[in-house]
Amino acid sequence: MKFGTIRDLPVEHADCGWYNLLPAPPPARPVAGPEAADWAIVGAGVCGLAAARRLAEHYPDQRIVLLEATRVGLGASGRNSGFVLNYSPHGVGSGADHDFERRYAEVLSAGVDELRRLVAEHQIQCDWSEWGRLYVSAGSDGDHHLADVRAAHQRVGTEIRDYDATALRRLTGTSFYHSGLWAAGNAIVQPAAVVRGLAATLPVNVDLREETLVTAIHRRGDGFQLVCDAGEVTADRLILAGGCYTGGLGGFRGRTLAVATYGSMTRALSAEEKAAHFPETDELGLLPASHNGSTVRLTRDHRLLIRNSFDYSRPGRRPPAVPGEAIDNHRKALRARWPALGDLEFEHNWGGSIAYTRNQGALFGRLAEGAWGVVAGDAGPVARGSITGKLLADYIAGAESALLSTQLSLAKAAWLPPDPILGFAVNRELKSIRRAGAVEL
Ligand SMILES: Cc1cc2nc3c(=O)[nH]c(=O)nc-3n(C[C@H](O)[C@H](O)[C@H](O)COP(=O)(O)OP(=O)(O)OC[C@H]3O[C@@H](n4cnc5c(N)ncnc54)[C@H](O)[C@@H]3O)c2cc1C
């Protein structure tokens, strides 16, 4: 782990449709002076929240400070498309290592179960829905990936159902798609409501301090000093759960890269628009089979969410606003699917970054004496982080389980070359994805 000043600070786009649709939260309680704790956790996304909850159960008499730069729900965990995926074979391809795939799927399934349990136990109002996911294809690139997705789901034993063009048209109200595959055991949610609900129900010995940016981390004796924008925390032990900013915090350096993607959300459809275009369903969760396709949600309050477009998100140089080209792509995707709704106004546009590794590897474990880290990236990160955060706390506390053994058996994230080589390689890959799936946008 590398200590010192943090150069890659979170700069999420201020807007986030999911967050803005929730009531205003109670005022934040930033760190505003010197404080001491047994544990400091940096980052209150799915990983940090899960680690804090479990750590508090293992150490009920110890004080855990959970530090978050913005508000819970404004980070990636609250600004995603809301799919809680039990297995996401994207990126695995036909050359998959089947044993790795089975173990990866086991961890993700446990993540869905864990989140489902917490939502039910704490009655978190987050529009949790077992509607699941429907992979959809609109061209040859999508068909190619759909075949891989089908084979991978069959290997790990997911219940699946094929959709032909007619069934898709009936369900989705568009003839844009020509084949699809529904997979069981997944959920769709209002993501900002999920994380806010998780934060509101943390055990009493977790002290959540939002609007607290950690700007430097230093070793102090056996412990750590976390310098914040308006105070500081000294802690005996430390967990880094800063999502794609964790490398900047000093953990898993050179093991992750970040890719930005963007979403736009329309106003709510009128009752007439809803009845005319989506007579058969109250919600939708469509995932593109093509990597270049658009994720689409019809939300419970009948808004359409479109997510597409990718950019390499270089540490310290992330774009401060959603690029106009991404918003144009959202408009284009809406028009291509529902021409009669194509001019619906977007009420929200936002973006965020996802951490990727070279090998879908684990970002999990000990970073230095008294310091650990966990990041959810690659495929199905919301489910993944919901369980790996918990497992990290078990690992620290020495609580063994078969699932922890599975997590520990996954390969660690492989080394990546530095910029500009990394940026060059990622941009080249993104370009080929855009070209291959141009018609699927
Ligand atoms: C548009 C979009 C759509 C997506 N769709 C999906 C989807 O449908 N399903 C899915 O599974 N995944 C999806 N993802 C990815 C997923 O949201 C993330 O990979 C996952 O939430 C990451 O969780 P995390 O806990 O590792 O990190 P984060 O949620 O990023 O949490 C880390 C937190 O650390 C804080 N932090 C970082 N640095 C500091 C610092 N110096 N001081 C204080 N705090 C700091 C950040 O503010 C942040 O809140 C999507 C992502 C985006 C952007």
Side-chain angles (χ1 to χ4, degrees), residues 5-13 16-18 30-31 40-52 66-86 88 90 108 111-112 115 133 186-189 191-192 194-195 198-199 209-217 226-229 233 240-252 256 258-265 285 287 295 297 305-310 313 322 326 349-356 363-364 373-386 388-389:
T5 302
I6 295 154
R7 296 190 201 290
D8 186 19
L9 296 171
V11 284
E12 302 299 356
H13 306 107
C16 166
W18 299 115
V31 168
I41 301 178
V42 185
V46 282
C47 288
L49 288 163
L66 176 57
L67 302 165
E68 170 53 50
T70 59
R71 299 305 306 261
V72 169
L74 275 179
S77 294
R79 57 176 57 236
N80 57 60
S81 304
F83 287 81
V84 187
L85 300 173
N86 59 359
S88 190
H90 261 199
L108 262 69
V112 182
L115 206 52
R133 61 171 148 182
N186 304 274
I188 45 177
V189 297
V194 170
V195 280
L198 291 172
R209 311 304 288 270
E210 296 167 282
E211 294 181 2
T212 299
L213 182 66
V214 178
T215 56
I217 301 179
L226 287 87
V227 180
C228 307
D229 41 359
V233 176
L240 301 183
C244 63
Y245 301 98
T246 306
L249 290 164
F252 308 120
T256 63
V259 171
T261 186
Y262 311 93
S264 288
M265 195 185 264
L287 281 176
T295 299
R297 292 269 314 263
L305 163 76
I306 310 278
R307 195 251 2 114
N308 64 34
S309 309
F310 290 106
S313 177
V322 181
N349 315 103
W350 69 94
S353 296
I354 308 179
Y356 284 93
L363 298 160
F364 177 96
V374 59
V375 176
D378 296 311
V382 168
R384 195 178 192 185
S386 300
T388 52

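Ligands are counted one by one from 1 in listed order, and the atoms in each one are counted from 1 as well.
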> So which heavy atom on Cys47 is nearest to which on Val375, and how close?
Replying inline: SG-C, 3.8 Å
> Any side-chain donor paired with an acceptor under 3.5 Å for Ser81 and Arg297?
Replying inline: no
>> Would you say Thr70 and Glu68 are linked by a side-chain donor-acceptor pair, where the criterion is simply a distance under 3.5 Å?
In response: yes
[Y] backbone acceptor or donor facing [X] side chain under 3.5 Å:
{"X": "Trp350", "Y": "Gly17", "result": "no"}
{"X": "Arg7", "Y": "Gly248", "result": "no"}
{"X": "Ser309", "Y": "Thr261", "result": "no"}
{"X": "Asn186", "Y": "Asn86", "result": "yes"}
{"X": "Arg384", "Y": "Leu108", "result": "no"}

Output the list of atoms in ligand 1 that are nearer than 4.0 Å to some heavy atom of [X], sorted by atom number.
{"X": "Val382", "result": "10 (C), 11 (O), 12 (N)"}
{"X": "Gly242", "result": "32 (C), 34 (O), 37 (C)"}
{"X": "Cys47", "result": "25 (O), 26 (O)"}
{"X": "Gly45", "result": "25 (O), 29 (O), 31 (O)"}
{"X": "Gly380", "result": "11 (O)"}
{"X": "Gly352", "result": "53 (C)"}
{"X": "Arg79", "result": "1 (C), 2 (C)"}
{"X": "Ser81", "result": "3 (C), 4 (C), 5 (N), 6 (C), 7 (C), 8 (O)"}

Does [X] approach ligand 1 within less than 4.0 angstrom via side chain, backbone, both or neither, non-hydrogen atoms only?
{"X": "Phe83", "value": "both"}
{"X": "Arg384", "value": "neither"}
{"X": "Val214", "value": "both"}

Could you find the nearest protein heavy atom to [atom] and give me its residue, atom name and distance?
{"atom": "atom 27 (O) of ligand 1", "answer": "Gly243 CA, 3.2 Å"}
{"atom": "atom 43 (C) of ligand 1", "answer": "Ala69 N, 3.3 Å"}
{"atom": "atom 36 (N) of ligand 1", "answer": "Pro10 CG, 3.9 Å"}
{"atom": "atom 46 (C) of ligand 1", "answer": "Glu68 OE2, 3.5 Å"}
{"atom": "atom 14 (N) of ligand 1", "answer": "Asn80 CB, 3.4 Å"}
{"atom": "atom 20 (C) of ligand 1", "answer": "Ser77 OG, 3.9 Å"}
{"atom": "atom 34 (O) of ligand 1", "answer": "Gly43 CA, 3.1 Å"}
{"atom": "atom 51 (C) of ligand 1", "answer": "Ile354 CG1, 3.4 Å"}

Less than 4.0 Å is my threshold; does some heavy atom of [X] fall inside it relative to ligand 1?
{"X": "Leu85", "result": "no"}
{"X": "Val84", "result": "no"}
{"X": "Gly82", "result": "yes"}

>> Please identify which of these residues, Leu226, Val233, Thr246, Thr212, meets the side chain to side chain contact (heavy atoms under 4.5 Å, CB included) condition with Val42.
In response: Leu226
> Among Arg209, Glu210, Glu211, which one satisfies side chain to side chain contact (heavy atoms under 4.5 Å, CB included) with Leu67?
Replying inline: Arg209
Do [X] and [Y] touch side chain to side chain, with heavy atoms closer than 4.5 Å?
{"X": "Leu115", "Y": "Val46", "value": "no"}
{"X": "Val84", "Y": "Pro191", "value": "no"}
{"X": "Leu66", "Y": "Leu49", "value": "yes"}

>> Going by the closest heavy atom to atom 32 (C) of ligand 1, which one wins out of Ala216, Ala241, Gly75, Ala376?
In response: Ala241
> Taking the minimum heavy-atom distance to atom 19 (O) of ligand 1, which of Gly389, Gly285, Pro381 ranks first?
Replying inline: Pro381
>> Taking distance alone, with N or O pairs closer than 3.5 Å, would you say Leu213 contacts ligand 1?
In response: no
>> Does ligand 1 come near enough to Val42 that some N or O of the ligand is less than 3.5 Å from an N or O of the residue?
In response: no
> Can you check side-chain contact (heavy atoms from CB on, under 4.5 Å) on Arg133 and Ile188, steps first, answer last?
Replying inline: CA-CA 8 Å; Arg133 61 171 148 182; Ile188 45 177; 5.9 Å; no
>> Thr215 vs Ile6, test: side-chain contact (heavy atoms from CB on, under 4.5 Å). Steps then yes/no.
In response: CA-CA 5 Å; Thr215 56; Ile6 295 154; 5.7 Å; no
